[in-house]
Colleague: 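There's a structure below that I have some questions on.
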Amino acid sequence: MASISGICSSSYALKLRNRNHSPALTNPFRNGPELAAFPSRPKLGSDRALSLVSVAREVSPVTNDGADAAVPAAKGFKKKTALEKDPRELWKRYVEWLYQHKEVGMYLDVSRVGFTDEYVAEMEPRFQAAFKAMEELEKGAIANPDEGRMVGHYWLRDSNRAPTTFLKSQIDNTLVAICNFADDVLTGKIKPPSSPEGRFTQILSVGIGGSALGPQFVAEALAPDNPLLKIRFVDNTDPAGIDHQIAQLGPELASTLVIVISKSGGTPETRNGLLEVQKAFREAGLDFPKQGVAITQENSLLDNTARIEGWLARFPMFDWVGGRTSEMSAVGLLPAALQGIDIREMLAGAALMDEATRTTVLRSNPAALLALCWYWATDGVGSKDMVILPYKDSLLLFSRYLQQLVMESLGKEFDLDGNRVNQGISVYGNKGSTDQHAYIQQLREGVHNFFVTFIEVLRDRPPGHDWELEPGVTCGDYLFGMLQGTRSALYANERESITVTVQEVTPKSVGALIALYERAVGIYASLVNINAYHQPGVEAGKKAAGEVLALQKRVLAVLNEASCKQPIEPLTLDEVADRCHAPEDIEMIYKIIAHMAANDRALIAEGSCGSPRSFKVFLGECNVDELYA
Ligand SMILES: O=P(O)(O)OC[C@H]1O[C@H](O)[C@H](O)[C@@H](O)[C@@H]1O
């Protein structure tokens, strides 16, 4: 566990601990606006390792002024050739292109992607433009023009790069506060008010999207087998899913630290998760604020709720850190530190990778090499899917994490010049060799619409635990063999692949992996001239969900009025739609009623939901108050 000596007197955590925990009379988060009116985002070493080391090229930092080339349209830019099949030539290509980062213990093999030297030369000016854009971004340019925001996740791991001393101190102070708080919880200095154990034993993290995926990935990858605090997640507004988490906590709810994470502080799913968890606390006779922690932007709805109710602690999210790149902010660091994961090492790994991916020499820049492969494989228009296959159980959630990072960043309708481009790269995958027994059949022989990224981990298990399950062969050798075999078999059938190899799954290598992909996405976004840092498409679904719930309220009012009559007046679907003055919404009204009927909130008097034209519906209970509301 990372710990920091010398607690800074202005430490955020200290200030919070000394706050007056008076019970709240109002809960703005609870009493907040309806879903439809929720505030939208502001507009705007083994032997093998040694042999790899001996053939790997060294990283040579070279400066380059960078060409400010205009980015031509992606389509029709390259001519594909058949993949090289001669094993000696392939070995030459492997050695020539192998990238190694010694300190992180990472290798990148792009030899099984078929780009040619001519192609690389043709792409060079675009890469120089992308490097320039990344440099500007790191200096604090408004890299998210739509939202008028800086994009500063790189400063989180090297605060000296923050464009102002104020931002630097915000980053440093938050890190100190996180470490202090985690230390205090782990050592039992901060205790749950009514736990017999006398210390926190569980974390319940409530958040969604970027406020869940990083912490989930890192917990799966790095949490010790038996952490002092075990983490669970509420990352949806599925009541049964939430009940399941709470049921599994059982009496340990009394020693559960609830961390509510939301950058905007107004995401409906997260708000619902919080309200459900608070209800469970009430029913168990527990005092939620003494076990609640908020991670959110200052003055958000969630922040105000936590402040007014006097929650145990609040940690800031910064405007200039996007949700999907927030793993190295309090969002990822606090849950990780509480599980005993060395967050300083994670930050160090990310900082090392940031440094390595700043070089403007394409061949020596692993993020640029990834972006090059993506561009080649997908024709720069997302024509192929990215299949992520880590051969290591603990990296299972990497593909899920990357789904948001890549697809929310690159999946854009318009480019920066306003042209409709419908960009993106689809990402999926679970883990090898498990997937070999599921969908690799299609990858090998079926529709050719993907390229693979293998994630290889050289260290099979901690030293001293290995054994041979047959002469000369360990369990890990099988995993290794499966990866290599699949890579060869796919390539033999013209299926391209990248291999990212790490020595071990450690906080440092995980931090580096995250940083590697963050930068690759940034570079690729520049190559295809899109804004990687906004997500305008997400708002459409949220708005539509709000409209559905508003319509449901009207349906309820109409049904209530008919159900309060004497005798009750069951209504047909057409009658409900007419009385809602929404005949064009009849399909949605049908779905609303079917959902309410399945949950015993509406009763079908005649017919059944399977015959929408003929059923009649009413409410089991008449709410007279609502009639006159
Ligand atoms: O952290 P929050 O503000 O609750 O946002 C959670 C998620 O919400 C949206 O759907 C965004 O598209 C995601 O990028 C974000 O991570």
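Order of appearance sets the numbers: ligands from 1, and atoms from 1 within every ligand.
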Colleague: Polar contacts were defined as any N/O atom of the residue lying under 3.5 Å from an N/O atom of the ligand; does this apply to S264 and ligand 1?
Modeller: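 Checking ligand 1 against S264, an N or O pair does fall under 3.5 Å apart.
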Colleague: Give the numbers and elements of all ligand 1 atoms closer than 4.0 Å to a heavy atom of E408.
Modeller: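 Under 4.0 Å from E408, ligand 1 has these atoms: 11 (C), 12 (O), 13 (C), 14 (O).
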Colleague: Side chain of K412, backbone of N531: donor and acceptor closer than 3.5 Å?
Modeller: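 Side chain of K412 to backbone of N531, a donor-acceptor pair under 3.5 Å: yes, one is there.
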Colleague: Number the atoms of ligand 1 from 1 as they appear, then name those within less than 4.0 Å of a heavy atom of T267, with their elements.
Modeller: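 Going through ligand 1 atom by atom, the ones under 4.0 Å from T267 are 2 (P), 3 (O), 4 (O), 5 (O).
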Colleague: Can you tell me how the ring of Y428 sits relative to the ring of Y439, calling it parallel under 30°, perpendicular over 60° and tilted otherwise?
Modeller: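 The arrangement is perpendicular - the two ring planes meet at more than 60°.
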Colleague: Is G323 in polar range of ligand 1, meaning some N or O pair under 3.5 Å apart?
Modeller: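 N/O-N/O distance under 3.5 Å: no.
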Colleague: Within 45 degrees of the axis of the six-membered ring of Y524 and under 6.0 Å from its centre: does R519 put its NZ or CZ there?
Modeller: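 No - R519 does not lie over the ring of Y524 by the 6.0 Å and 45° rule.
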Colleague: Can you confirm, on distance only, whether ligand 1 has an N/O atom lying under 3.5 Å from any N/O atom belonging to T270?
Modeller: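 For ligand 1, there is no N or O atom that lies under 3.5 Å from one belonging to T270.
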Colleague: Looking at R161, is its backbone amide N or carbonyl O close enough to the side chain of K139 to form a donor-acceptor pair, meaning the two atoms are under 3.5 Å apart?
Modeller: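 Pair absent, no side-chain N/O of K139 close to backbone of R161.
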Colleague: So which of V538, I208, I295, V206 gets nearest to atom 7 (C) of ligand 1, if we judge by its closest heavy atom?
Modeller: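 Heavy atom nearest to atom 7 (C) of ligand 1 belongs to I208.
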Colleague: Determine whether the side chain, the backbone, both or neither of Q404 has a heavy atom under 4.0 Å from any heavy atom of ligand 1.
Modeller: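 Under 4.0 Å from ligand 1, Q404 contributes side-chain atoms alone.
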Colleague: With heavy atoms only and a cut-off of under 4.0 Å, state how Q535 meets ligand 1: side chain, backbone, both or neither.
Modeller: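 The part of Q535 near ligand 1 is the side chain, not the backbone.
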Colleague: Scan for salt bridge (charged side-chain N to carboxylate O under 4.0 Å, His left out) pairs involving residues 203-219, sequence neighbours excluded, and state none if there are none.
Modeller: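 For residues 203-219, and leaving out neighbouring residues, there are no salt bridge (charged side-chain N to carboxylate O under 4.0 Å, His left out) pairs at all.
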Colleague: Going by the side chain to side chain donor-acceptor pair (under 3.5 Å) test, which pairs reach into residues 207-224, not counting sequence neighbours?
Modeller: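 Of all non-adjacent pairs touching residues 207-224, those that pass side chain to side chain donor-acceptor pair (under 3.5 Å) are Q216-D235.
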